[in-house]
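This report refers to the structure that appears directly beneath it.
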Amino acid sequence: MRELPLFDGADAPATSTDPALRLSLVEALGTLPPVDRAVLVLRYFHDLPVAEVAGQTGLSEAACRTRASRALARLRTHFPDLADEA
């Protein structure tokens, strides 16, 4: 599995975000196991389809969906106020 950056200039969000929130998110991602972090970064930051995430991580599509769901649930514990908005 190749390592991809979390953010690069091309992937910068169109809207301005709170720098403290962004830093907190990066720190929270760092608490996840590497495979779970890779699944979330590929799926949501690089906007890859599940099939491509599966191909790059060596996981099945079902495993990618499961890992993403569980990892997002873990991240929500770091951001309870944002979880209520979703």
Side-chain angles (χ1 to χ4, degrees):
M1 174 173 49
R2 66 187 172 115
E3 187 150 334
L4 296 173
L6 281 180
F7 305 104
D8 64 19
D11 291 335
T15 60
S16 63
T17 58
D18 178 12
L21 178 61
R22 177 173 259 204
L23 182 57
S24 294
L25 177 58
V26 171
E27 289 173 358
L29 282 168
T31 67
L32 297 174
V35 174
D36 292 351
R37 184 171 52 247
V39 168
L40 289 184
V41 169
L42 291 170
R43 182 73 180 106
Y44 298 105
F45 289 97
H46 293 281
D47 201 27
L48 297 180
V50 174
E52 194 166 336
V53 174
Q56 289 195 25
T57 59
L59 300 169
S60 69
E61 290 184 33
C64 285
R65 286 189 293 273
T66 299
R67 284 185 173 270
S69 176
R70 291 177 181 167
L72 287 172
R74 278 184 245 130
L75 288 180
R76 285 184 190 105
T77 65
H78 292 275
F79 304 99
D81 294 339
L82 295 178
D84 291 340
E85 294 175 11

If every non-hydrogen atom of [X] is compared with every non-hydrogen atom of [Y], which pair is closest and at what distance?
X: V39; Y: C64; answer: CG1-O, 3.6 Å
X: F79; Y: A28; answer: CE1-CB, 3.9 Å
X: T31; Y: H78; answer: OG1-NE2, 3.7 Å

Tell me the side chain to side chain donor-acceptor pair (under 3.5 Å) pairs involving residues 59-75, sequence neighbours left out? D36-R67, D36-R74
Which distance, rounded to the nearest 0.5 Å, do you find between the CG of L25 and the CZ of F45?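 L25 CG to F45 CZ: 4.5 Å, rounded to 0.5 Å.
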Would you give the length of the straight line joining atom CG of L75 to atom CG of L29, rounded to the nearest 0.5 angstrom? 5.5 Å
Verify the cluster assignment for L32 and V50: are they in a single hydrophobic cluster under the rule of side-chain heavy atoms below 4.5 Å apart?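 Result: no, two separate clusters.
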